[in-house]
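A short worksheet on the structure shown next.
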Amino acid sequence: MHLARDTLLTAYRSMATIRAFEEKVHEVFARGEIPGFAHLYAGEEASGVGICLHLNDADYITSTHRGHGHAIAKGCDVPAMMAELYGKRTGLCLGKGGSMHIADLDKGMMGANGIVGGGPPLACGAAFSARMLNTNGVVVAFLGDGSINEGSTMEAMNMAKVFNLPVIFAIEDNEYAQATATNWSVAGSMTKRAAGFDIPTTLVDGFDFFDVHQAAGEAIDKARKGEGPQLLHIKLYRYYGHFEGDATTYRGKGEMDKVKETKDCMVRFRADLTAKHDIAEADLEKIDAEIAALIEQSVQDARQAESPREADLHTDVYVSY
Amino acid sequence: MHLARDTLLTAYRSMATIRAFEEKVHEVFARGEIPGFAHLYAGEEASGVGICLHLNDADYITSTHRGHGHAIAKGCDVPAMMAELYGKRTGLCLGKGGSMHIADLDKGMMGANGIVGGGPPLACGAAFSARMLNTNGVVVAFLGDGSINEGSTMEAMNMAKVFNLPVIFAIEDNEYAQATATNWSVAGSMTKRAAGFDIPTTLVDGFDFFDVHQAAGEAIDKARKGEGPQLLHIKLYRYYGHFEGDATTYRGKGEMDKVKETKDCMVRFRADLTAKHDIAEADLEKIDAEIAALIEQSVQDARQAESPREADLHTDVYVSY
Amino acid sequence: MSRKSFRQAINEALRDEMRRDPTVFMIGEDIVGGTGAPGDQDAWGGVLGVTKGLAPEFGAERVIDTPISEMAYIGAAAGAAATGTRPVAELMFVDFMGTCFDQVLNQAAKFRYMFGGKVKTPMVIRTMYGAGLSAAAQHSQCLYPIFTHVPGIKVVIPSSPYEAKGLLTQAIRDDDPVIFFEHKFMYDDKGEVPDEPYTIPFGEANLTREGDDVTIVALGRMVKLANEAADQLAEDGIHCTVLDPRTTSPLDEEAILASVRRTGRLVVVDEASPRCNVGTDISALVAEQAFDALKGPIRLVSPPHTPVPFSPALEVHYIPSVERIRDTARSLMGGA
Amino acid sequence: MSRKSFRQAINEALRDEMRRDPTVFMIGEDIVGGTGAPGDQDAWGGVLGVTKGLAPEFGAERVIDTPISEMAYIGAAAGAAATGTRPVAELMFVDFMGTCFDQVLNQAAKFRYMFGGKVKTPMVIRTMYGAGLSAAAQHSQCLYPIFTHVPGIKVVIPSSPYEAKGLLTQAIRDDDPVIFFEHKFMYDDKGEVPDEPYTIPFGEANLTREGDDVTIVALGRMVKLANEAADQLAEDGIHCTVLDPRTTSPLDEEAILASVRRTGRLVVVDEASPRCNVGTDISALVAEQAFDALKGPIRLVSPPHTPVPFSPALEVHYIPSVERIRDTARSLMGGA
Ligand SMILES: Cc1ncc(C[n+]2csc(CCOP(=O)(O)OP(=O)(O)O)c2C)c(N)n1
Ligand SMILES: Cc1ncc(C[n+]2csc(CCOP(=O)(O)OP(=O)(O)O)c2C)c(N)n1
Ligand SMILES: [Mg+2]
Ligand SMILES: [Mg+2]
């Protein structure tokens with residue numbers, strides 16, 4: 001698939017924004033500025049961006065506890081996301097949701113989700129809506145590897161197939177679910193599991209933006225054309241702990257450093273862009289600088305922003321009551 | 001596998017008892033003598049008996065809403081079962097459980113279950129117990145075809161494989177789950193579904209006692225020897241409605257009559273016994289007569305039996321409270 | 001207006017709303033019946049025939065049978081509702097909530113709050129509840145106290161065919177997640193039900209009878225029993241107000257408090273398990289906010305803290321009876 | 001006896017019972033941590049380190065990490081308990097109950113009754129609950145009212161390290177299914193805890209403070225807050241009894257009623273969502289059985305009927321505070 005220069009730069013900007021966002025969150029979380037739990041997406045950027053680049057606002061995604069990257073890739077407002085993590089009234093969800101519940105339905109982002117396996121049934125529902133409302137939309141259910149063992153995920157896979165729903169199950173396989181190795185906890189394999197429902201699987205190199213983009217494009221096209229659910233098994237890695245504060249001692253010695261050094265999706269994408277796609281370092285540096293400024297400003301603004309007011313506690317429970 | 005004459009007669013007695021039990025329940029239910037719901041096992045006898053014949057009291061089974069046959073095959077007391085259906089104090093569960101909750105842990109029968117997919121997790125638990133208590137026991141989770149779409153069933157399949165548990169998933173595929181066709185509701189196939197967890201499947205002719213017995217023997221042996229979970233996909237058919245009262249108009253025209261005429265497991269087993277196993281018609285007729293008397297007596301006794309007393313309402317909630 | 005069964009009233013509400021709004025659809029297990037099978041379609045219309053006839057009229061795209069996967073289809077209803085349609089899901093028995101509760105508790109009920117008000121989730125879950133058919137421990141529970149406990153859901157418990165049609169119509173038009181409880185013992189109950197669509201607002205209790213001596217608040221099927229008890233008491237000169245809250249979330253606190261302020265005596269009748277049920281909830285409300293009006297203790301009439309027994313001989317003692325309600329109310333008047 | 005954290009008290013109870021009884025085993029997600037991974041084993045010991053050190057001592061056969069399949073492993077615990085072992089399952093956050101509730105509601109809790117007393121199911125579910133860590137709507141709930149509602153389960157809510165060890169030991173030795181609630185905000189709380197094993201019986205409330213003016217019944221983490229409120233009130237000459245029920249099922253009704261009969265005033269503090277919670281349950285109990293002793297309304301101190309908000313600025317208003325408890329109790333004395 002040939003990619004226009006603009007598309008490539010958009011992809012780069014999105015991936016670099018996620019990386020910068022997550023690194024900043026890591027930093028300010030350690031300083032105690034962000035309350036609650038935070039699960040960072042750094043390392044996995046090529047996946048979210050490579051997929052979401054194919055989606056429009058009428059398409060939906062469901063996300064996971066590790067949702068910042070999906071939200072940014074799907075076009076959520078970055079300063080508002082940062083304010084949300086800070087628990088501020090200017091946050092994307094008025095400070096009521098936080099990291100694990102970032103959502104923006106207008107952008108087709110149905111929410112990060114604190115429940116493993118929470119998303120896939122919702123994705124089926126959005127696909128039913130798309131069919132009923134004739135939007136021609138597809139739905140991507142982002143999932144961690146560990147979530148394949150949740151009954152909800154498997155039920156949704158069966159349901160998606162039985163109804164031939166335009167749902168793409170995007171399994172972001174970073175080898176671990178919390179501290180447990182996926183090799184151990186998943187009997188069979190992702191491909192076999194999907195085959196159990198007659199859902200075709202594409203194995204994807206999640207360190208390579210182009211591979212993700214290509215595979216996702218094909219899967220999304222098929223789903224959109226009525227060929228039913230698809231599964232992407234995306235191999236990748238997360239750079240930080242399961243959540244902020246995790247010492248990650250379950251990892252092999254030097255494992256992460258090696259991945260970072262040899263496979264990092266940002267390094268690789270940058271190299272590809274400059275070497276093969278005729279994009280100048282300077283262009284990327286300019287984007288980097290803009291992103292750095294955006295993130296810095298987001299943090300500044302979030303720090304200054306007003307907190308929710310006591311009365312806000314009681315609103316938004318119901319539309320009417 | 002050669003089967004001793006005694007074993008064959010035991011099998012016959014067990015199957016014929018189930019058939020007679022269910023036919024009697026059908027009759028007295030229609031007369032309003034039995035309260036609640038009843039899901040009859042008639043037609044499926046070869047499955048429960050062919051499997052349970054391999055089990056001893058240290059082995060467990062979990063069952064379904066269609067549990068009478070499993071209970072009889074596993075050795076539960078027949079008159080006490082009938083009394084239970086009648087809601088009497090002499091019932092196997094003191095009249096507190098009824099058809100959907102018949103259980104006798106001493107016989108290794110962990111209960112009929114009103115929840116589709118309720119059994120498989122329990123079966124895994126019994127297998128953990130067997131391992132921890134060194135009983136060398138195996139566990140058979142009887143399941144309907146429809147239950148393969150429950151998250152609980154699929155989670156349990158994964159768990160059984162991950163821990164290499166001695167669990168046999170015995171899928172009794174009677175083509176329907178309530179009024180819905182299994183062909184339609186199960187994406188993939190039973191074999192593919194099991195392969196999704198690296199669980200081997202044996203396709204079994206559930207109309208043929210010998211095929212069930214052979215396949216179950218091999219699967220149970222493997223599980224007992226530490227080769228992990230096995231799945232039996234047993235093709236069979238139920239003769240009555242999903243529950244008593246179901247008009248079964250979702251069936252194809254003449255479908256059931258044809259099955260009954262051409263495949264009935266009792267007819268076939270009888271024919272095999274007399275033709276190939278040197279058992280006289282008269283021997284079987286004697287057994288039939290004994291069974292008829294047993295069932296008749298069970299009904300008489302159940303009708304006469306004392307009802308639970310008001311005080312019984314409050315007992316058996318806790319061991320102590 | 002004509003006499004219709006509870007079953008028919010519900011069927012009509014579904015039919016009318018499906019006709020009125022093309023974004024309304026239904027999803028559940030065998031709500032059609034016969035899907036994929038060689039025989040009749042619409043063979044069942046739900047396990048007790050409540051949705052019969054809807055699939056032929058609206059087609060399989062809008063009356064959707066599902067595999068036996070409650071988490072998937074209840075969750076699909078939540079996801080559909082958040083993205084522009086108005087699903088009415090059927091959970092065959094509320095006892096099965098344990099297989100899909102997450103999609104209600106943590107998803108549908110919390111979306112709007114977690115997302116800062118940026119979504120609405122207009123879904124309905126219709127479900128069957130209650131004892132009386134010897135359906136035993138896993139098919140006879142009430143469980144509406146659990147849903148009442150959860151912020152973000154509305155809980156509706158109709159007490160008659162008329163109530164059922166109006167409240168279900170409101171539920172389908174409502175913009176919040178609603179769970180709608182149908183008592184399995186009431187489907188054949190008959191009553192006057194208008195032919196045309198109408199709504200009954202949530203959070204407005206129905207005064208089914210007025211009297212100055214005792215307030216009886218009763219839920220669902222218990223409303224009828226409470227009225228029968230009140231009839232008997234009236235013969236003894238004890239005059240009861242019988243209030244049907246209709247919805248336990250929102251709850252019409254004002255109506256309950258106003259009535260107790262008038263009578264000074266309260267009996268709450270709840271078919272649910274007794275601990276942390278709606279009965280205790282209403283009792284606590286009154287003990288806090290109308291304490292001064294109380295002339296005596298607040299009495300609860302509920303089953304014992306046991307699973308629902310199978311045997312009819314036990315179940316009859318399990319379910320609150322007219323006699324227990326009557327005697328409890330009378331005891332508040334100093335009677336035996 | 002030495003000062004130990006809540007975390008350590010729980011760890012000790014687990015360790016001691018595992019040593020004492022070879023049929024006790026543990027099962028849950030990352031209660032070991034590192035299973036199948038190339039790095040450290042026992043890398044986590046649970047998400048907050050509560051079970052750390054147990055896997056090295058007892059091995060992977062008795063401290064079992066599972067795939068992320070709550071229905072399967074909670075159900076496996078139920079099945080194991082019914083067949084001769086004594087599982088202690090960990091449900092990481094009680095908020096996840098929606099993924100496995102069926103195995104508690106319809107299986108473990110009902111076995112004994114449905115089977116006519118022919119089985120015992122000695123399983124424990126340890127689980128984390130409560131607000132205060134900005135864990136937001138899906139990781140901050142209490143939900144024990146839901147379990148209290150269900151006949152067949154016992155519900156334990158320890159309020160201190162000492163209570164935690166004694167009650168967990170009892171839970172493991174108990175022959176019924178027990179759910180044991182650990183407040184995530186309390187793991188670092190310290191207190192005196194004996195080194196040797198001991199049990200605290202279920203259904204016996206703990207009188208943490210005696211006073212004649214007001215009875216405060218508080219649960220779990222709220223016990224500490226209630227005592228702080230009582231301290232402040234004592235300075236104003238208002239003397240409170242603070243009762244910790246320890247278990248909500250069974251509930252020590254007698255202790256509560258006796259105390260209210262003495263003080264005539266009751267405040268119930270429950271961190272759970274306010275509708276149909278344990279607060280309303282206790283209020284209803286007293287309004288029915290100790291009405292004559294009451295000198296004024298029964299007051300409930302609970303959060304509002306909203307999901308738990310993420311922002312600390314909101315969460316602080318959500319959780320019952322010492323001030324609210326204090327002011328509520330004072331209002332009963334006619335104070336402002
Ligand atoms: C139902 C449920 N069970 C358990 C958890 C705790 N939990 C949060 S994230 C996680 C691991 C998820 O692993 P994976 O799906 O591989 O995603 P990753 O974190 O690797 O992106 C677990 C077990 C949860 N949030 N929800
Ligand atoms: C969790 C749950 N969902 C739905 C039901 C209602 N129900 C009872 S039996 C049944 C069909 C089961 O079909 P199958 O597993 O094929 O067993 P069969 O009845 O054919 O033996 C259904 C849907 C239930 N009891 N439990
Ligand atoms: Mg992972
Ligand atoms: Mg079937």
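Chain A is the first sequence line, chain B the second, and so forth, proteins listed ahead of strands; every chain is numbered from 1.
- In this structure, D:Tyr144 and D:Phe181 have perpendicular ring planes: the angle between them is above 60°, well past the 30° mark.
- Among the candidates C:Val286, C:Thr148, C:Leu143, the residue making the largest number of heavy-atom pairs closer than 4.5 Å to chain D is C:Thr148.
- Options C:Ala137, C:Gly98, C:Cys100 differ in how many heavy-atom pairs under 4.5 Å they form with chain D, and the most are formed by C:Gly98.
- Applying a 4.5 Å heavy-atom cutoff, the residues of residues 264-274 of chain D that approach chain C are D:Ala272, D:Ser273, D:Pro274.
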| message | If you apply the rule ring pair (Phe, Tyr, Trp, His ring centres under 6.0 Å), what do you find for D:Phe101 with D:Phe96, and how did you get there? | response | CA-CA 9 Å; D:Phe101 192 42; D:Phe96 306 163; over 10 Å; no
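- We find the CG-CD distance between C:Leu133 and C:Glu315 to be 7.5 Å, quoted to the nearest 0.5 Å.
- C:Ser140 and C:Asp95 share no side-chain donor-acceptor pair at under 3.5 Å.
- Aromatic ring pairs are classed by plane angle as parallel below 30°, tilted from 30° to 60° and perpendicular above 60°; the pair D:Phe111 and D:Phe115 is parallel.
- Not a single donor-acceptor pair under 3.5 Å links the side chain of C:Ser259 to the backbone N or O of C:Ala255.
- Looking at D:Ile282, there are no atoms closer than 4.5 Å to chain C (heavy atoms on both sides), in backbone or side chain.
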| query | Should D:Asp176 and D:Lys120 be marked as a salt bridge (charged side-chain N to carboxylate O under 4.0 Å, His left out) after you check the CA-CA gap, both sets of side-chain angles, and the distance that decides it? | reply | CA-CA 6 Å; D:Asp176 291 306; D:Lys120 54 183 189 165; over 6 Å; no
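- Centroid-to-centroid, the aromatic rings of D:Tyr113 and C:Phe310 stay 6.0 Å apart or farther.
- With chain D as the partner, the residue from C:Pro307, C:Ala284, C:Ser283 showing the most heavy-atom pairs under 4.5 Å is C:Pro307.
- Here D:Thr99 contributes atom OG1 and C:Gln103 contributes atom CD; the two are 11.0 Å apart, rounded to the nearest 0.5 Å.
- When each of C:Asp292, C:Leu285, C:Leu294 is scored by its heavy-atom pairs under 4.5 Å with chain D, the top score falls to C:Leu294.
- Residue C:Val104 does not touch chain D at all, counting heavy-atom pairs closer than 4.5 Å.
- Contacts between D:Gln141 and chain C at a heavy-atom distance below 4.5 Å involve the side chain alone, from C-beta outward.
- Contact count versus chain C (heavy atoms, under 4.5 Å) is highest, among D:Gly296, D:Gly279, D:Gly152, for D:Gly296.
- Heavy-atom minimum distance, D:Arg326 versus D:Ala229: N-CB, 3.7 Å.
- Chain D forms more heavy-atom pairs under 4.5 Å with one residue of C:Ala290, C:Ser249, C:Pro151, C:Pro309 than with any other, namely C:Pro151.
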